[in-house]
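I have placed the structure first, in the form of C-alpha cells, so that the comments after it can refer back to it.
We count ligands from 1, going down the list as the structure has it; atoms in each ligand are counted the same way. Side-chain atoms are counted along with the backbone in the values below, which use heavy atoms only and exclude waters and symmetry mates. Nothing fancy with the numbering, it's 1 onward along the sequence.
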Amino acid sequence: MNLDNKKPGKRPLYFYYIIAGVIIILLNILVVPAVQERSVEKTDYSTFLSNVERGNVSKAEVQDDYIYYMVRKNGKDTICKTVKMDDPNLVERLYESGASMEAVVPERQSIILSLLLSYLIPIGIFILIGRWLSKKMMNSMGNGGPGGMMSFGKSNAKVYVKSSTGIKFSDVAGEDEAKELLTEIVDYLHNPHKYADIGASMPKGALLVGPPGTGKTLLAKAVAGEAEVPFFSISGSEFVEMFVGMGAAKVRDLFKQANEKAPCIVFIDEIDTIGKKRDGAGFTGGNDEREQTLNQLLTEMDGFDGSKGVVILAATNRPDSLDPALLRPGRFDRRIPVELPDLQGREEILKVHAKKIKIADSVRFDEIAKAAAGASGAELANVVNEAALRAVRDGRKFATQADFEESIEVVIAGYQKKNRVLSNKEKLIVSYHEIGHALVAAKQTESAPVHKITIIPRTSGALGYTMQVDEKEHFLMSKEELENKIATFTGGRAAEELIFHSITTGAANDIEQATKIARAMISRYGMSEEFDMVAMESMSNQYLGGDSSLTCSFETQTLLDKRVVELVRRQHEKALKILEENIGKLHQLAQYLYEQETITGEEFMKILQEPLPAVEDASRVVVDVQG
Ligand code: ADP
Ligand code: MG
Ligand code: ZN
C-alpha cells in the first residue's frame, strides 16, 4: 500500500510557508489603506463650510451620509470627513471655492475592507501564533523526544549502543538454549565473513516466545549489551497510534533508521500488539490502523536484504495469536523458546539475584529452588527481594534461609494475615483439612512429600495450606501420579467429612485444581479407555494460563463431563479410604498442627512414622470440637 501521499512529516511545513506568504500579500493590500482610513480627520459641518469659504478644500466627494474632502494645511493634504447636511447650495459653493469634485476615498475601502479586516486578519494572526507555538514545542523536545505536532509518525525507538544497558548474558540465568541461539546471532553480527564464506545466511528475524516473566525482554537487553552494534528497541504498543497510517509510518521510519545504522539489531517487544491475526472481516472496518501497521512491518521485513546485517528480534507470550504471515520463512523464521526455569535454572536465577543482597552463609539455594516449583524468573527475582525486605523488617543485616522460605510463601500464597482471627472450631477444621491433604499425599507412594503445613491464614484468602515439593523434577507424569494428585486435592475435604460429618467452603480451590487435572487427563492426555487417543479439547494461549476449546460434539461433551465426575469421585473415595485406615494418625497430626499452627515436613514424617501413643487421644479431640 502506498502511503506516500500521507507523509505527515513534511506537508505542514510547506503548508505554513504558503499561508505566511498569502498573509504578507494580504497585509500589503488591505492594511495599508486601512491605516489611511484611520487617518481621516472628523470635523463638524461648520468647519467644513469655513474651509470651503477660505478656499482650502482642494477636492470633495459627496457620499450618501458623509462628505469626504481634502484640506491643504501648511502645505500638507489632510483627508477630512463630515456629516452630510441637507444643503442645496453645497455643490455651488464648492464649485465657487475652486474645489474639484472627485473621489477622495476609494469606495471599496469602506465596505470590503472592513469585512476583510474583521475576518482575515484574526485568522492570519491565529495561524501565525499556532505556527510559532508548535515550533517552540518542537525545539524544547529536541530531536530524540516524543516529538511535537510536526513529528507525527517519527519512530521513537530507543537506540542502545554498546553496553549502554549494562546487561550481559551472564545476568540471564538458565535459558541456555535461548542464549546459545542468540549468541549465534551476536557472533554473526561481529564476524559476518565467517558465515558468508560458507554461504550461510542468518535468519532475518528471531521470535522469543514464552510465558510472562521468563526473561524475554531481559534476553533482548543482554543481546544489546553483548553485541557491539546499535540496538533499536521499541514496544509493539508504541506503534498503536490514534490516526490511521501513523503506525505504518513509524514502522517505515524505524526500518529506515535501522538500514542506515546496519549492522544493527531491531527489537520489537510484545509484538502481538501489532502482529495479531488479521480477521479478514472487512465489513466492520475493524482495526484498519493495526492492519496497516502489520502490513508495513511485513513489507519492511521483506524489503531489506539479510546480508546487510539487520537482525530483527521480537518477543511475545502469545505466539498462537500472531498472524501466520509473520511466522513464515523469511520473516521470523527462528523461534526461540524461553520456558519456565527448571530446578537447576531456578537455583541459578536465585543465585544471580541474590548477588545483589547480603545473605547468610547457611542459605541453601537448592532447597529454595525446590520449594519454588513453577515459579518464573520474575517471581524468583521477587522472592529474593522479599527475603531482603523481610530481613530489614526484622532488623537483621543478612537474609536467612527462613526469610527465603517465608518469601516463597508470600509470592505463592500471599502474606500472613496476622489480624485474621479464626475461631477455635475453624482452626480445628482447617487443621484436619490440611492434615487430610498431607496424609493422603504421604500415603500414596508416588506422591510428593510434604514440605510444610500451616494454618496461619494468608492474604490470598487461603486459611491454611500444605506445601508439597517434588524431590526430583520430572516432566512426564504417569496416569497414576495424576490420579494421586487428584486424591491429594480431595484429601482436605475427605478429612472434614470423616471427622465433622459436614463440609465447608474451604475446599473451593482444591475442587478447581482437581477438576482441571481430571479434565485434562480425559480430554487431552488420552487417559481414558473410552476416548482413547482422541483429543476432545484444544488448547490455545498456552503461556497465559491457557484457554481450551472443546472440539467434540455435544453428546461427547456430556459424556466427557460424566467421565470427569467419575474420575474425581473415584479418587475422592480413595482419599476417604486412606484417611479411614489412618484415622489415628489423622487425629494425632491434626491435634499437633492445631497447637503448633505450622509444622515442617520432617516433623510431619516423624510423627507419621512413630507408633500411635494411646487410642484415647482420638476421642478427646472430637470432644474438644463439640465443646
Ligand atoms: P518477560 O519479558 O519474559 O515477560 P522480563 O524479561 O521482563 O520477562 O523479566 C522480568 C524480570 O525477571 C527481569 O528483569 C529479571 O529480573 C527477572 N528474570 C526473568 N528471567 C530471568 C533469568 N532467566 N535470569 C535472571 N533474571 C530473570
Ligand atoms: Mg517482556
Ligand atoms: Zn485444601
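- With a 4.0 Å cut-off on non-hydrogen atoms, Ile349 touches ligand 1 through its side chain and not its backbone.
- Defined by atom type and a distance below 3.5 Å, a donor-acceptor pair is present between the side-chain atoms of Gln444 and Lys574.
- When only non-hydrogen protein atoms are considered, atom 14 (O) of ligand 1 lies nearest to Leu218 CD1, 4.2 Å.
- No donor-acceptor distance shorter than 3.5 angstrom exists from the side chain of Glu348 to the backbone of Ala173, with no hydrogens or angles considered.
- Looking at Gly215, Ala315, Pro211 and measuring to atom 8 (O) of ligand 1, the nearest heavy atom belongs to Gly215.
- Side-chain contact of His190 with Glu226: a donor-acceptor pair under 3.5 Å is absent, judged by distance alone.
- Residue contacts with ligand 1: Val172 is placed with no nitrogen or oxygen under 3.5 Å of a nitrogen or oxygen of the ligand (distance criterion only).
- For atom 2 (O) of ligand 1, the closest non-hydrogen atom of the protein is Thr217 OG1, 2.6 Å.
- Around the CD atom of Gln609, the shell of radius 6.0 Å holds more than 12 heavy atoms that belong to other residues, nucleotides or ligands.
- Less than 4.0 angstrom separates some heavy atom of Thr214 from each of these atoms of ligand 1: 3 (O), 8 (O), 19 (C), 20 (N).
- An N or O contact shorter than 3.5 Å is missing between Pro212 and ligand 1 by distance.
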(message) Run the side chain to side chain contact (heavy atoms under 4.5 Å, CB included) test on Val209 and Ile336 for me, step by step, so that the C-alpha distance in whole Å, both residues' side-chain angles and the decisive distance to 0.1 Å come before the verdict.
(response) CA-CA 6 Å; Val209 296; Ile336 303 179; over 6 Å; no
(request) Applying side chain to side chain contact (heavy atoms under 4.5 Å, CB included), run through Tyr432 and Glu496 and close with a yes or a no. (result) CA-CA 7 Å; Tyr432 273 94; Glu496 290 179 35; 5.7 Å; no
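- Looking at His353 against ligand 1, only its side chain comes within 4.0 Å, counting heavy atoms.
- Near Asp171, meaning under 4.0 Å from any of its heavy atoms, are these atoms of ligand 1: 24 (N), 25 (C).
- Partners of Glu483 under the side-chain contact (heavy atoms from CB on, under 4.5 Å) rule, at least two apart in sequence or in another chain, are Lys479, Met521, Leu567, Gln571.
- Residues Thr217 and Asp269 have side chains that bring a donor and an acceptor to within less than 3.5 angstrom of each other.
- Between the side chains of Glu481 and Ser478, a donor-acceptor pair is found at a separation under 3.5 Å.
- Of the N and O atoms on the side chains of Gln257 and Asp253, at least one donor lies less than 3.5 Å from an acceptor on the other residue.
- In terms of protein heavy atoms, atom 4 (O) of ligand 1 is closest to Gly213 N, 2.8 Å.
- Judged purely by distance below 3.5 Å, without hydrogens or angles, the side chains of Asp510 and His433 pair a donor atom with an acceptor atom.
- Each of the following atoms of ligand 1 lies closer than 4.0 Å to a heavy atom of Gly377: 12 (O), 17 (C), 18 (N), 19 (C), 20 (N).
- Nearest residue to atom 10 (C) of ligand 1 from Ala178, Ala378, Ala381 is Ala378 (criterion: closest heavy atom).
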(request) Please lay out, stage by stage, how Thr316 and Asp272 fare under the test side-chain hydrogen bond (donor to acceptor under 3.5 Å, both in side chains). (result) CA-CA 6 Å; Thr316 179; Asp272 42 281; 2.6 Å; yes
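- Taking atom 24 (N) of ligand 1 as the reference point, the nearest protein heavy-atom neighbour is Ala173 N, 2.9 Å.
- Around the Mg ion (ligand 2), protein atoms of type N, O or S found under 2.8 Å number 1.
- A donor-acceptor pair under 3.5 Å is formed between the side chain of Asp342 and the backbone N or O of Gly345.
- With a 4.0 Å cut-off on non-hydrogen atoms, Asn317 does not touch ligand 1 at all.
- Draw a line from the Zn ion (ligand 3) to OD2 of Asp510 and another to NE2 of His433, and the angle between them is 100° (to 10°).
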